[in-house]
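Side chains included, hydrogens not; waters and symmetry mates left out as well; all remaining heavy atoms used. Numbers restart at 1 for each chain; the letters A, B, ... are given by sequence-line order, proteins then strands.
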Amino acid sequence: MQKINSTMLIEKAAQLLENGTADRVLGWKKGEFDYDITPAVFNSVDQIKKEFVFGDFCGANLSKYLVKETRKGDGKVAVFLKPCDTYSFNQLLTEKRFDREKVYAVGISCEGMADIFKVKQIAGDGIVSVSSDGENVKVETLYDGEKTIKLSDVIAERCINCKSRKCVAYDELMGEEGEIIDSDRFDMVSKIESMSEDERFGFWQNELSKCIRCNACRNVCPACTCEKCVFDNPDSCAQNKAPADSFEEKMFHIIRAFHVAGRCTDCGECSRVCPQNIPLHLLNRKFIKDIDTFYGEYQAGAQVGSRAPLVDYTEGDIEPGEAVMKGESENA
Amino acid sequence: MQRIGVFVCWCGSNIAGTVDVKAVAEALKNEPGVVFSTDYQYMCSQAGQDIIKNAIKEHNLSGIVVCSCSPRMHEQTFRKTAQAAGLNPYMVEISNIREQCSWVHKDMEKGTEKAIILGKAAIAKVNLNAPLTPGESPVTKRALVIGGGIAGIQTALDIADAGFPVDIVETKPTIGGKMAQLDKTFPTLDCAACILTPKMVDAGQSDKIRIFSYSEVSQVKGFVGNFDVTIKKKARYVKEDLCTGCGLCTEKCPQKKVPNEFNLGMDNRRAIYIPFAQAVPKVATIDADYCTMLKSGKCGVCSKVCTAGAIDYTQKDEYIEEKYGAIVVATGYNPISMDKFDEYAYNQSKDVITSLEFERLTNAAGPTAGKLLRPSDNKHPHTIVFVQCVGSRCANCAEKGKEYCSKICCMYTAKHAMLTRDKYPDTDVYVFYIDVRTPGKSFDEFYRRAVEEYGVHYIKGMVGKIAPEGDVLKVQASDLINNKQIHIDADLVVLAAAIEPDKSARPLATMLTASMDTNDFFTEAHPKLRPVESPTAGVFLSGACQGPKDIPETVAQAGAAASKVIGLLAKDKLMGNPCVAHSNELMCNGCSSCERVCPYGAITYSDKEFRMPDRTVAIRRVASVNEAVCQGCGACTVACPSGAMDLKGFANNQIVAEVDAICK
C-alpha cells in the first residue's frame with residue numbers, strides 16, 4: 001500500500017469540492033517555515049491546487065476546527081483526519097460540539113509524523129528549508145548547509161508510542177485500515193510515578209517553569225473548545241491561577257489537565273505545539289493511566305456517546321478512599 | 001458593597017471556654033464589608049436574637065455572619081431571625097466555631113486564631129451572597145413502604161389510618177416478614193402469629209393499602225413530594241385476581257422436593273406454593289426454578305386442578321410506574337451466614353442450628369408440628385447448648401462477623417431456654433454468653449425467671465469448639481467465672497447468629513440516594529433527634545433496616561415513621577430549596593456533562609441563537625435547569641468543564657473566596 005501523499009490528498013480535496021460533497025475543505029497549508037505547516041480552510045479548487053500541502057510535518061489535528069467551521073452557514077465541511085485525530089473527532093461528537101451531518105470526514109492512514117524538535121537537535125538551529133521523501137529528511141540550515149537525516153530518527157514521541165493506527169470515524173477511508181496498538185505510552189508516566197516526591201516535584205518544577213503562558217497548548221487542544229475558557233473568565237476563580245507566581249504558573253497546567261481528564265484522547269497536540277518543548281502530554285497520560293487502573297480501560301473518543309468513568313457512576317466504582325490508598329501504595 | 005454584621009456566640013463556656021470571643025468580635029470588625037461586630041452568651045436565645053434583629057435595623061445590615069455552632073443546629077433559627085427583621089434569610093452565614101473549633105481545641109490562643117479565620121471565611125462568602133427566594137412544589141399524596149414485615153405493615157396501617165393511600169412492596173409472595181416465622185415473642189410470650197396476622201389481615205383488607213407482593217422497586221427518580229417509582233412485579237404465573245387461595249394446586253403439584261424457605265429449608269414444599277396458611281395475599285406462586293411445566297413444558301397439573309382458571313404459564317414480569325410523596329424503607333434483616341464459623345460445625349452437623357431455625361422447630365406450623373425434635377434423627381434432645389453472640393460483637397473477627405451487638409439475641413435465647421425447660425423439664429439447657437444484655441421493659445425480670453424459676457444453666461464464657469462425634473455434639477467451652485474448661489455432650493446446639501441488613505438494602509440506598517453506615521444499616525438524619533428520617537428528604541426509616549431492633553421498638557419506630565410521612569403528606573405544597581443550579585448560557589458548551597451526572601433529571605437542552613464575539617450569529621445547544629426538580633446537590637457544577645453551571649448560595653466564586661480567606 002502506498003503511503004498517503006500530497007498529490008493524492010489534493011486530488012481528493014478538489015474532487016470533494018467539484019462533486020459537491022462539500023463546499024469547503026479543512027486541510028493544511030504551508031506556514032512561515034517549511035516545517036510549520038498550519039491548518040487551513042479551502043473554498044476553491046484553485047486554492048487547493050495552489051496551497052494545499054501534506055507531508056511528514058502535518059501533525060496538526062484538524063478536528064477542533066470543525067467546531068467553528070460547521071457554524072459558518074450551511075453546506076458540508078470536508079476534513080482529513082489521521083487515526084489519532086478521529087478519536088478527537090468522536091470525543092467532540094460525544095460532547096455535541098458540532099453537527100455530524102455537516103461534516104464529510106476522510107480518514108487517512110498514517111505511519112507517524114516528524115518532530116521538528118528532533119530535527120533541530122540533529123541539524124542545529126536556523127533551518128532554512130526542510131523536505132522529506134518519506135524515508136529521508138533533507139534539512140538546510142543557515143550555519144551548517146544541507147544535511148540528510150533518516151525520517152525514522154525524527155519521528156515524534158507520540159507517534160513512536162502511537163495508540164492506534166485505526167481510524168475510528170470516517171465517511172471515506174484513504175489507505176489501509178490500521179489496527180489499535182498496544183503501545184508503551186505509559187512507560188514515562190510509570191517512571192515519573194516511581195520517583196520520590198522531591199524528585200517528582202523537581203521534575204515538574206523544572207519543566208513547568210519554562211512555560212511562557214503563550215496558551216498554545218490550550219488553543220490547540222481538541223478537548224479545550226469551551227465557549228469561554230475558565231482562564232479567560234474573571235468569574236471562574238481560575239483566572240488568577242495562571243501567571244501570578246511560580247506556584248500559580250504550575251496551577252495553570254494542572255487545572256488544565258483536570259479539565260480535560262477523562263476527555264483527553266491523548267492526541268499529543270499540547271506537547272507538539274509547546275514552543276518550550278514541555279512534555280505536557282504526560283500530565284494527561286497520568287490521568288488516563290489512573291482512570292484505566294481504577295475504573296478499567298477507557299479510551300476517550302473510541303466511540304461516540306461513551307460515558308467517561310469520571311462522569312459516570314456504577315456500583316462497582318472504586319471508593320475514593322480506596323483509590324487514594326491504592327495510589328499511595330503504588331507510589332510508595 | 002454589603003453591610004455585614006458579625007455576631008459571636010459564647011455558647012456558655014462551650015465556645016468561650018476555648019475561644020476568646022471578644023477578641024474574635026474585635027478582629028472581625030475590620031474585615032471588608034463589616035460594619036458591626038459583637039458577642040453574646042447565647043445568640044440563639046430570645047435576647048441574642050433580639051441583638052441581631054436590632055442590629056439589622058439600626059445598622060441597615062445587608063448580610064450577617066453568626067459565629068456559633070454547626071449550621072445543622074441553628075442555621076434555621078438565625079435565618080428566621082433575619083427574616084423577621086426584614087433581611088433575606090439567605091443573607092445569613094454560619095461560621096462554625098464550636099464543633100469545628102472550640103470543641104476540638106484546648107489552647108485558647110490557637111482556638112481564637114482559628115475562630116477568627118473561620119469568621120473571615122464566612123464574611124468573604126457573605127460579601128458575595130445574593131438574596132434567594134425558594135420555589136414551591138406540589139406533594140403527591142401517596143406513600144410507598146418498601147418491605148412488608150411488621151415494620152412495613154405497621155407504618156402502612158398508620159399512614160392509611162390517617163386517610164392517605166399507601167403501597168407496600170414486598171419481595172416475598174406474602175407480607176409478614178421475619179415475625180411470621182417466629183413462635184412466641186418475648187417478654188410476654190404471646191404467639192407471634194396471633195398478634196401479627198390480625199395486622200396482616202387489616203393491611204390486606206384496607207381500601208387505602210395496596211400490596212405488591214413478589215415485587216421489587218426497580219427505579220426511583222424525583223425528590224421529596226414527587227418521587228417517580230418503577231415497581232417490578234415478578235411473574236408468579238398465577239393471576240392474583242382469580243386465585244382464591246384454596247391451595248388445591250399446592251397439594252397436587254408433583255414437584256415435591258423444593259426446600260421450603262419459610263421453614264429455612266428444614267422441610268420441603270411444592271413448586272407451586274403458598275408460604276403459610278395466613279399468607280396475605282393468599283395467592284399461590286409458582287417457583288420458576290423448580291416448575292417442570294415452565295422448565296420443560298411438560299406437566300400442567302396445577303392448571304388442570306385450578307377451578308378458578310388462575311394459572312398462567314405465560315405471565316411476564318410487569319413494570320408499574322407510580323408517583324409517591326414519601327418513601328419508607330422497611331427492608332429488615334437476616335441472620336448472617338454461618339459458613340465462616342467452622343468451629344461451631346454448622347455445616348457438618350444437622351443438629352447445629354440457628355435460633356431462627358429453632359423458632360421453626362418449636363412452632364406448631366413448623367416442620368415438626370411444634371415438637372422439639374432434632375433434625376438429624378427426629379429424636380427428642382435431652383441436652384441443648386445455646387451459644388450467644390455468634391458473629392455479634394466480633395471486634396477482632398470482622399472478616400466473618402459483625403462488630404455491633406445484634407441486640408435481640410439475649411432475649412430470644414432466654415425465651416428459647418425458658419420455653420424448652422417449661423415444655424420438656426427433662427432437658428438440660430446451657431446458655432454460653434459474653435454478657436447478658438436485658439435493658440428493656442420487663443426484660444431483666446424475664447431473664448431472671450429463666451435462670452431462677454426454670455433452672456437454665458447460664459455460663460459466662462464462649463464455646464471454643466463443637467465437634468460432632470457419633471450422635472452427640474462435643475461442646476468445649478470455657479467457664480470464666482469458675483475459671484475452668486467445660487466439656488458437654490450436647491444433643492442439639494443452637495447458635496444465636498448475628499443479624500445484618502437485608503442484601504436488597506444497599507442497591508436500594510443507591511436508588512434512593514440515602515446514606516448507609518459501614519454495616520449497610522441506613523443512616524438516620526440525626527441519631528438522637530431525627531431517628532426515623534433518612535438524611536434524604538422524603539425518605540423515612542422503619543425497623544431493623546436502621547439498626548438491630550426487637551418487635552416493640554420496631555413497631556414504635558414504624559409508628560414514628562408513619563407520623564413523619566403523614567406530616568409530609570398533609571401539606572399541599574413544599575417550599576423548595578432556593579440553592580439550586582443555574583446555567584450561564586453564554587458560557588455553556590452544550591456538552592451534556594451536567595445532564596449525565598444529574599441524579600434528578602433536572603437538566604434539559606435546547607438550541608438557541610447567539611451573537612458570537614466575532615459578531616456572527618450561531619445556533620448553539622445550551623443547558624437549562626428545572627429549578628423545581630433540582631435539589632442543589634452541585635454534581636453538575638463539578639462536571640461542567642466551562643464553569644457555566646453554578647449553584648446559587650454555594651457559587652464557585654463564594655467557595656473560592658472562603659478558601660482564599662482561610663489561606664491568606
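Pairs passing the side chain to side chain donor-acceptor pair (under 3.5 Å) check and including a residue from residues 303-312 of chain A, sequence neighbours excluded, read A:Tyr298-A:Ser306, A:Arg307-A:Asp312.
Nearest heavy-atom pair, A:Lys96 versus B:Ser592, reported as atom, atom and distance to 0.1 Å: CD-OG, 3.8 Å.
Neither the backbone nor the side chain of B:Thr616 comes within less than 4.5 Å of any heavy atom in chain A. Of the two parts of B:Leu586, only the backbone, made up of N, CA, C and O, holds a non-hydrogen atom closer than 4.5 Å to a non-hydrogen atom of chain A. Heavy-atom distances place both the backbone and the side chain of A:Thr94 under 4.5 Å from chain B. For B:Arg506, no part lies near chain A; criterion is any non-hydrogen pair under 4.5 Å. For B:Cys594, no part sits under 4.5 Å from any heavy atom of chain A, backbone or side chain. The parts of B:Arg596 that come within reach of chain A are both its backbone and its side chain, each placing non-hydrogen atoms under 4.5 angstrom from that chain.
Within 6.0 Å of CD on B:Glu399 lie more than 12 heavy atoms contributed by other residues, nucleotides or ligands. The neighbour count for A:Lys102 NZ, taken as heavy atoms of other residues, nucleotides or ligands under 6.0 Å away, is above 12. Open room surrounds NZ on B:Lys221; 12 or fewer heavy atoms of other groups in view lie less than 6.0 Å from it. Within 6.0 Å of atom CG in B:Asp607, more than 12 heavy atoms from other residues, nucleotides or ligands are found, so the atom counts as buried in its surroundings.
The CE atom of B:Met612 sits 11.0 Å away from atom NZ of A:Lys72, with the distance rounded to the nearest 0.5 Å. Between the CD atom of A:Glu227 and the CG atom of B:Asn584 there is a distance of 11.0 Å, given to the nearest 0.5 Å.
Using a 4.5 Å heavy-atom threshold, the side chains of A:Arg97 and B:Asn589 count as touching.
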List the atom pairs, with distances to 0.1 Å, where a side-chain N or O of residues 638-652 of chain B and a protein N or O form a donor-acceptor pair under 3.5 Å, not counting sequence neighbours.
| from | atom 1 | to | atom 2 | distance (Å) |
| --- | --- | --- | --- | --- |
| B:Ser642 | OG | B:Met587 | O | 3.0 |
| B:Asp646 | OD1 | B:Asn652 | N | 2.9 |
| B:Lys648 | NZ | B:Glu627 | OE2 | 2.9 |

